[in-house]
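In this text, all values refer to a predicted model and were calculated from it rather than measured experimentally. To find a chain, count down the sequence lines: A is the first, B the second, and so on, and within it residues start at 1.
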Amino acid sequence: MAYHRIAALVIRHLYLYRRSLPRVMEIIYWPFLDLVVWGFITVYLATFQGQMPAVVTFLLGALILWDVLFRSQQGITISFLEEIWARNLMNLFASPLTPSEFLAATMVMSLFKVTAVSMVMSVCAWIFYSYNVFIIGLWLMPFIINLVLTGWIIGVFTTSLIMRFGQEAEVLAWSMVFLFQPISCVFYPMEVLPAWLRGVAWINPAAHVFEGMRGLLATHAAPLTSLSLASGLNLLYLGAVIVWFHHTFNVCKERGSLVRVGE
Amino acid sequence: MSSPVVEVRNLNKRFGEFTAVDGISFDIERGEILGLLGPNGAGKTTTFQMMLGLVTPTSGSIRMFGLDLQTNREAILQQVNFSSTYISLPYSLTVEENLRVVARLYGMSNIAGRIDDMVKKLEMSEWRNKLTRKLSSGQMTRLTLAKALLTEPKVLFLDEPTASLDPDIAHKIRGILLEERQATGLSILYTSHNMREMEEMSDRIIFLQRGKIVAEGTAKDIVARFGQADLEEVFLKLAREQ
Ligand SMILES: Nc1ncnc2c1ncn2[C@@H]1O[C@H](COP(=O)(O)OP(=O)(O)OP(=O)(O)O)[C@@H](O)[C@H]1O
């Protein structure tokens, strides 16, 4: 790994964000809208139940955490798409840049996005709904780290598919993550799923994070089991998708399709 | 004599049943300009891409600076660059930002100084702060050439580097390339459909057809061997024999 090459790619993306309104909107405006809409829904639901704190905590917390996963995935996949759109893959991969360094740079971008979006959402939640994300306490950190990892897994997997199948697969950059949403049990506990789907959800690390969060808020017990399961699964899958990405990269070089992606 | 900078041996690329490059071998010496000629689909781009590590050969070997590309990709590509009329740099960055990113990618030192030199050399000062999106095709070609020379390569791959340039700029660019070769011992592998340019620039020419080398030598040799008036005639004769 050469850090100067990773830094070069990160700087390239930061130049891009510096003068692109749509890209900045992606970080500020959409998360803000998301939060406002869900905030009102939460407030509305709370008037029915008279249990304001619990509902707000569950829903807004879940929403913010889901966005962490979503932006983490986007940070990876969109960074790759940017290179396709800019027809820059040939410039990059004919340089000494390695696929691992490329992935590392997309991961750094992903961290930037997650940090920016989480800050925007947390501040808005606090201003508009007096909602303090840190109600979850210090456990928030390991939860977030695990969601970022799950986002990377989905992001690297999606990137491999786009690299392999080209333009037709581009839509996956936005849709893939929603395939995982129902089995991530973001807004409801795992036990509401039908038994067969519960098995599928169980092998999804994100589901354990959201289970852990709900458990923590309800019982204040340390969510150690959930976190261990999430971390174990995340590390396993992350290793696997990185191997898969390198494999796809080599297949594309064999087929001569690497520099033709998106054409 | 020192060993060649580039050694290609029995290079072969099949896409499924189709053979795009069929067992070609050649060397490039230090400071040599080798022209790669051939009709559309002859396998020039595929050869370039294999030499840049973007396409994996089916068989054969590519060695540069005495190292095998398969096993020493990073060390080799650090000393190699390319420019092509058909490739651009990211549109949403300015000319200078693009050059800065490339310089960092190759770990250059004294980046600002290098960029200033390059901008002066390729007469880019008027538009160095322009968005790349707003460049004319000729300016874009100069930018991709600047990015290639910026990293001080020892081997340069050029795919029709003057195709979209006006005759004045094209002439200047040829001058710069020859100068660079003189000053640094740069080796160049070159494609062009401009036969006069090929004759003027190349020390040696390889003629590819259907993935095979069908003629090799100086422009003069080749013209004489095929009994034609000039390289253009040779090209037409060979290409029409398909
Ligand atoms: N990835 C690929 N998959 C299948 N066939 C390919 C691939 N890349 C190139 N080819 C085929 O290989 C042959 C050689 O193509 P190549 O692009 O190397 O030719 P070229 O000499 O560069 O042509 P041109 O002058 O038109 O650029 C062509 O018939 C082309 O269709």
Side-chain angles (χ1 to χ4, degrees), chain A residues 1-24 78-102 104-105 163 246-263, chain B residues 13-16 18 20-21 43 45-46 48-58 70 72-84 86-94 96-98 100-109 111 131-133 140 143-144 147-148 151 153 157 159:
Chain A
M1 287 265 187
Y3 294 107
H4 67 267
R5 297 199 283 260
I6 299 172
L9 277 194
V10 170
I11 288 168
R12 173 247 188 287
H13 284 285
L14 293 182
Y15 279 141
L16 202 59
Y17 276 80
R18 207 172 62 180
R19 70 169 69 82
S20 166
L21 189 63
R23 290 182 180 90
V24 173
I78 305 283
S79 301
F80 180 71
L81 281 180
E82 295 279 10
E83 304 301 2
I84 293 185
W85 295 331
R87 300 166 53 93
N88 199 32
L89 285 177
M90 181 160 176
N91 292 318
L92 295 183
F93 289 119
S95 84
L97 183 79
T98 65
S100 306
E101 288 159 0
F102 178 83
M163 187 157 70
H246 281 85
H247 169 75
T248 307
F249 188 82
N250 288 332
V251 168
C252 289
K253 285 207 316 192
E254 293 275 340
R255 293 176 184 240
S257 59
L258 181 63
V259 291
R260 296 179 177 219
V261 186
E263 284 176 16
Chain B
K13 183 63 194 178
R14 277 196 302 275
F15 294 111
F18 178 77
V21 174
T45 306
T46 307
F48 265 52
Q49 293 185 344
M50 284 194 279
M51 299 183 77
L52 287 167
L54 296 164
V55 170
T56 312
T58 306
Q70 198 82 26
N72 297 275
R73 181 185 164 275
E74 279 167 67
I76 290 176
L77 292 182
Q78 180 67 42
Q79 306 177 68
V80 169
N81 213 320
F82 79 99
S83 163
S84 162
Y86 307 105
I87 286 290
S88 53
L89 284 162
Y91 279 179
S92 315
L93 271 59
T94 66
E96 177 153 358
E97 285 168 350
N98 265 317
R100 255 189 265 154
V101 169
V102 170
R104 280 172 176 274
L105 194 57
Y106 284 78
M108 308 296 298
S109 54
I111 292 178
L131 276 185
T132 305
R133 174 194 328 280
M140 179 66 93
L143 172 59
T144 64
K147 84 98 195 176
T151 65
F157 297 94
D159 195 6

Q) When only pairs under 4.5 Å are counted, which of A:Glu101, A:Arg19, A:Glu83 shares the most heavy-atom pairs with chain B? A) A:Arg19

Q: Could you tell me the separation between the NE2 atom of A:His4 and the CG atom of B:Leu105, rounded to the nearest 0.5 Å?
A: 7.0 Å

Q) With a 4.5 angstrom heavy-atom cut-off, which part of B:Glu97 approaches chain A: side chain, backbone, both or neither? A) both

Q. Is B:Arg104 close to A:Arg12 at the side-chain level, that is, under 4.5 Å between some pair of heavy atoms?
A. no

**Q.** Atom group of A:Leu258 that falls short of 4.5 Å from chain B, counting heavy atoms
**A.** side chain

Q | B:Phe15 atom CZ, over 12 foreign heavy atoms within 6.0 Å | A | yes

Q.
For B:Pro57, is there any backbone N or O sitting under 3.5 Å from a side-chain donor or acceptor partner on A:Lys253?
A. no

Q: Could you look at A:Arg255 and say if it's the side chain, the backbone, both or neither that has a heavy atom under 4.5 Å from chain B?
A: backbone

Q.
To the closest 0.5 Å, what do you measure between CD (B:Glu74) and OG (A:Ser95)?
A. 9.5 Å

**Q.** Residue pair B:Leu54 / A:Ala94: nearest heavy atoms and the distance that separates them
**A.** CD2-N, 3.8 Å

**Q.** chain A contact via B:Thr94 - side chain, backbone, both or neither, heavy atoms under 4.5 Å
**A.** both

Q: Go through the atoms of A:Asn91 and report whether side chain, backbone, both or neither lie under 4.5 Å from a heavy atom of chain B.
A: both

**Q.** Top of A:Cys252, A:Gly256, A:Ala2, A:Pro96 for chain B proximity - count of heavy-atom pairs under 4.5 angstrom
**A.** A:Pro96

Q) Where does B:Leu93 contact chain A at under 4.5 Å (heavy atoms): side chain, backbone, both or neither? A) both

**Q.** Residue part contacting chain A, namely of B:Phe48, when any heavy atom lies under 4.5 Å
**A.** neither

**Q.** Heavy-atom pair of closest approach, residues A:Ala86 and B:Ser88
**A.** O-OG, 4.2 Å

Q. Distance from B:Leu77 atom CG to A:Thr98 atom OG1, nearest 0.5 Å?
A. 11.0 Å

Q. With only heavy atoms counted, which part of B:Leu131 is less than 4.5 Å from chain A, the side chain, the backbone, both or neither?
A. side chain

Q: Specify which of B:Pro90, B:Ala75, B:Ala20 makes the most heavy-atom pairs with chain A at under 4.5 Å.
A: B:Pro90

Q: Select one option (side chain, backbone, both, neither) describing which atoms of B:Phe82 are under 4.5 Å from chain A's heavy atoms.
A: side chain

Q: Using non-hydrogen atoms and a 4.5 Å limit, figure out which bit of A:Ala7 sits close to chain B: side chain, backbone, both or neither.
A: neither

Q: Please round to the nearest 0.5 Å and tell me the distance separating atom CZ of A:Phe93 and atom CZ of B:Arg73.
A: 8.0 Å

